[in-house]
Asks: 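Here's a structure for you.
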Amino acid sequence: MVNYPFLTSAPGKVILFGEHSAPAIAAALSLRTYLLVSKNKDDLEGYIRLEFPDIGLSHQWKKSEMPWDLSTHEQGRPPASEELNAELVNGLTPMLTTITSPLHYAAAYCFLYLFVSLCHGEVEHGLTFTVRSTLPIGAGLGSSASISVCLASAFAYIGGHIKAASLERDSKIVKDSDECLFIDAWSYMGEKCIHGNPSGIDNAVATHGGAVMFQRMENAVPSVRTSMRNLPSINLLLTNTKTPRRTADLVSNVARIVNDFPKSTGCILESMEAIAREAYNLMLRPFFDEDSKGRLMELIRINHGLLVSLGVSHPNLERIKLYCDELKMGETKLTGAGGGGCAITLLTDDIAAETYEKLFAKFEQNGFETFRTTLGGKGVGLLGNPAEALLQYMTPESFVNFNNTTEIETSIGCTAVESWKYW
Ligand SMILES: Nc1ncnc2c1ncn2[C@@H]1O[C@H](COP(=O)(O)OP(=O)(O)OP(=O)(O)O)[C@@H](O)[C@H]1O
Ligand SMILES: C[C@@](O)(CCO)CC(=O)[O-]
Ligand SMILES: [Mg+2]
């Protein structure tokens, strides 16, 4: 029995090492995406509506338009596949012809693919799906994975494939509950809809939270995901160039370069693999001391240089690195697909306040935005029985009208945190 309205939420991520290569190390952020699922009023009973104000998309389809017959819905949980179901992809195309913007198309395609695959005919009412995010979108912080996880968990709940989450956390190890693995697998399909050839690390972190070292195996063997317990407390500055770009474009361009220069790039990818493994061992040292931090900084500098050689930096990312280097703040690398988006700086200790002021003044001149965030946050969550006080916020109108991320966090994200259920 699904109680409406309900919320799902999932974190963004920051890749510490391993973009465009394998394995990669990523950690969940405290910046999150929220999905509100609410029943429509009678006049919209026959419709499925999207309200995605963060990307300026508002769209609806008739429930009767959905190609339910194309979703293989045997008894029990439908298995996610290694590739998108071509018959379903073709069946959905006519429903997307009026959507021209690539941002809108990607989000609507991801929605429809997961909705038809997981809800099947279990949708008795007209429903509205409203999404808001405290993450910058297209900035390398895994916003596409976080919305894919929000959608996959909501549809799994509506479709009866997962029961109300049960809190299964102990202090050290997050148990890989079946629900989590099911959401992880289907959110990977959502990522495929949005950016074509994902590694799976973004949605793995958005589902499971915490920090992981992750490698998707080529021959479809389930991915190797090693949860990293007890992350060392590393002091990171997260800076957004606010230069828009699409991960799909960067991922495909790297694939072209690797294909055109296999010998030259082979050693680059091998070096990036070695860096990720060396960083993993450093971060898991029982005592993360000055020597560990110093070595991690060297690896950040080397990793960034290799990413530059693959063509995924951007002048604005290089400006962030230059300003931080000039002020001896620490070591900086791009994070996520690159081409704009965000950079992270592993900060040295005891930086004077006036040094930060000089840096932030340079950032402000360039329109860059820095984030205070913590690493290793919680994964996917569901809020199924909101407290009475929250219900006032849980209508599409109020959700759409949140003016800023602070309002979302204080109204929905933080105050309700004790009543969220995490898998
Ligand atoms: N809050 C949101 N509302 C609607 N759509 C969203 C939202 N967040 C992300 N998306 C979808 O995800 C796309 C951005 O995904 P993309 O992979 O290009 O960037 P990213 O995930 O933020 O960065 P990276 O993949 O490098 O970590 C948007 O174009 C949109 O389709
Ligand atoms: C660029 C990339 O390595 C990370 C994007 O956040 C692509 C992926 O792993 O899905
Ligand atoms: Mg993405």
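Order of listing sets the numbers, starting from 1, for every ligand and every atom in it. Note that the numbering runs from 1 along the sequence shown for the chain.
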Asks: Would you mind listing which atoms of ligand 2 come within a distance below 4.0 Å of any non-hydrogen atom of P198?
Replies: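 Reading through ligand 2 atom by atom, the close ones are 10 (O).
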
Asks: What atoms of ligand 1 come closer than 4.0 angstrom to any heavy atom of D54?
Replies: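 Near D54, the atoms of ligand 1 are 1 (N).
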
Asks: When you compare the side chains of S148 and N203, does any donor N or O come within less than 3.5 Å of an acceptor on the partner?
Replies: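 There is no such pair (donor and acceptor under 3.5 Å, judged by atom type) between the side chains of S148 and N203.
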
Asks: Of all the atoms in ligand 1, which lie at a distance below 4.0 Å from a heavy atom belonging to D202?
Replies: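 The atoms of ligand 1 under 4.0 Å from a heavy atom of D202 are 25 (O), 27 (O).
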
Asks: Any nitrogen or oxygen of A337, side chain or backbone, less than 3.5 Å from one on ligand 1?
Replies: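 Indeed, backbone or side chain, A337 has an N or O that close.
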
Asks: For residues I147 and F111, determine if any side-chain heavy atom of one lies less than 4.5 Å from a side-chain heavy atom of the other.
Replies: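 I147 does not reach F111 side chain to side chain.
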
Asks: Nearest non-hydrogen contact with atom 1 (C) of ligand 2 belongs to which option: K13, H20, K192, H195?
Replies: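 Minimum heavy-atom distance to atom 1 (C) of ligand 2 goes to H20.
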
Asks: Compare C342, S144, G190, P244 and give the one whose heavy atom is closest to atom 15 (O) of ligand 1.
Replies: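 Minimum heavy-atom distance to atom 15 (O) of ligand 1 goes to S144.
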
Asks: Rounded to the nearest 0.5 Å, how far does SG of C150 lie from CG of L114?
Replies: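 Output value for this atom pair is 11.5 Å.
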
Asks: Check each heavy atom of K13 against ligand 1 and say whether those closer than 4.0 Å belong to the side chain, the backbone, both or neither.
Replies: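 The side chain, only.
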
Asks: Give the numbers and elements of all ligand 1 atoms closer than 4.0 Å to a heavy atom of A139.
Replies: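 Contacts of ligand 1 toward A139, numbered from 1: 22 (O).
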
Asks: For E369, I'd like to know if atom CD has over 12 heavy atoms of other residues, nucleotides or ligands within 6.0 Å.
Replies: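 Counting other residues, nucleotides and ligands, CD of E369 exceeds 12 neighbours.
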
Asks: Hey, is E65 close enough to K62 for a salt bridge, meaning N to O under 4.0 Å?
Replies: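 No, this pair does not count.
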
Asks: Closer than 4.0 Å to some heavy atom of A337 - which atoms of ligand 2 meet that?
Replies: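 So the atoms of ligand 2 that pass are 1 (C), 5 (C).
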
Asks: Has E364 got more than 12 heavy atoms of other residues, nucleotides or ligands less than 6.0 Å from its CD?
Replies: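 Not buried by this count: 12 neighbours or fewer within 6.0 Å.
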
Asks: Parallel, tilted or perpendicular: which one describes the rings of F182 and W186, with boundaries at 30° and 60°?
Replies: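 Ring orientation of F182 relative to W186: tilted.
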
Asks: Find all atoms of ligand 2 within a distance of less than 4.0 Å from any non-hydrogen atom belonging to I15, and give their numbers and elements.
Replies: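 Checking each atom against I15, I get 4 (C), 6 (O).
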
Asks: Which atoms of ligand 1 are found less than 4.0 Å from any heavy atom of I55?
Replies: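 Those of ligand 1 that fall under 4.0 Å from I55 are 4 (C), 5 (N).
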
Asks: Pull out every atom of ligand 1 sitting under 4.0 Å from any heavy atom of A106, numbered as shown with elements.
Replies: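 With A106 as reference, the close atoms of ligand 1 come out as 31 (O).
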
Asks: Which option, I147, V14, L50, owns the non-hydrogen atom nearest atom 10 (N) of ligand 1?
Replies: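 The residue whose heavy atom sits nearest atom 10 (N) of ligand 1 is I147.
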
Asks: Just to check, does E191 reach to within less than 4.0 Å of ligand 2 when the distance is taken from its heavy atoms?
Replies: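 No heavy atom of E191 comes that close to ligand 2.
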
Asks: E19 heavy atoms, cut-off 4.0 Å: which ligand 2 atoms fall inside?
Replies: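 Ligand 2 atoms under the 4.0 Å threshold to E19: 3 (O).
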
Asks: Report yes if some N/O of H195 lies less than 3.5 Å from some N/O of ligand 1; otherwise report no.
Replies: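 H195 vs ligand 1: no N/O contact under 3.5 Å.
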
Asks: Decide if the gap between the ring center of W68 and the ring center of F115 is smaller than 6.0 angstrom.
Replies: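 For W68 and F115, the ring centres are under 6.0 Å apart.
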
Asks: Is there a nitrogen or oxygen of G140 sitting under 3.5 Å from a nitrogen or oxygen of ligand 1?
Replies: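 Such a contact does occur with ligand 1.
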
Asks: With 2.8 Å as the limit, jot down which protein N, O or S atoms are around the Mg ion (ligand 3).
Replies: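 Near the Mg ion (ligand 3), below 2.8 Å, one finds S144 OG.
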
Asks: Measuring from the heavy atoms of E19, does anything fall under 4.0 Å of ligand 1?
Replies: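 It does not; every heavy atom stays at 4.0 Å or beyond.
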
Asks: If we set the cut-off at 4.0 Å for heavy atoms, which region of N197 has an atom near ligand 2: side chain, backbone, both, or neither?
Replies: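 Neither part.
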
Asks: Nearest to atom 6 (O) of ligand 2, what protein heavy atom do you find, and at what distance?
Replies: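 Protein heavy atom with the smallest distance to atom 6 (O) of ligand 2: D202 OD2, 2.8 Å.
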
Asks: Quick check on contacts: which atoms of ligand 1 are under 4.0 angstrom from a heavy atom of S133?
Replies: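 Those qualifying, in numeric order: 1 (N).
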
Asks: Aromatic contact between Y323 and F360, with the criterion being ring centroids under 6.0 Å apart: yes or no?
Replies: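 So the answer is no for these two rings.
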
Asks: V131 heavy atoms, cut-off 4.0 Å: which ligand 1 atoms fall inside?
Replies: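 Ligand 1 atoms under the 4.0 Å threshold to V131: 1 (N), 2 (C), 3 (N).
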
Asks: Please compare T130, I137, L151, L103 and report which has the shortest non-hydrogen distance to atom 29 (O) of ligand 1.
Replies: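 Checking each option, the heavy atom nearest atom 29 (O) of ligand 1 is found in L103.
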
Asks: Using a strict cut-off of 4.0 Å, indicate which atoms of ligand 1 neighbour a heavy atom of A107.
Replies: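 Heavy-atom distances to A107 below 4.0 Å select 5 (N), 31 (O).
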
Asks: Can you find a pair of side-chain heavy atoms, one from E51 and one from V131, that are under 4.5 Å apart?
Replies: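 No, their side chains stay 4.5 Å or more apart.
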
Asks: One pair to check against side chain to side chain donor-acceptor pair (under 3.5 Å): R285 and S292. What are the steps and the verdict?
Replies: CA-CA 8 Å; R285 277 183 176 180; S292 311; 3.0 Å; yes

Asks: Is any side-chain N of the basic residue among E45 and K39 closer than 4.0 Å to the acidic one's carboxylate O?
Replies: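 Result for this pair is no, no salt bridge flagged.
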
Asks: Taking the minimum heavy-atom distance to atom 26 (O) of ligand 1, which of E191, R245, R132 ranks first?
Replies: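 Closest candidate by heavy-atom distance is R245.
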
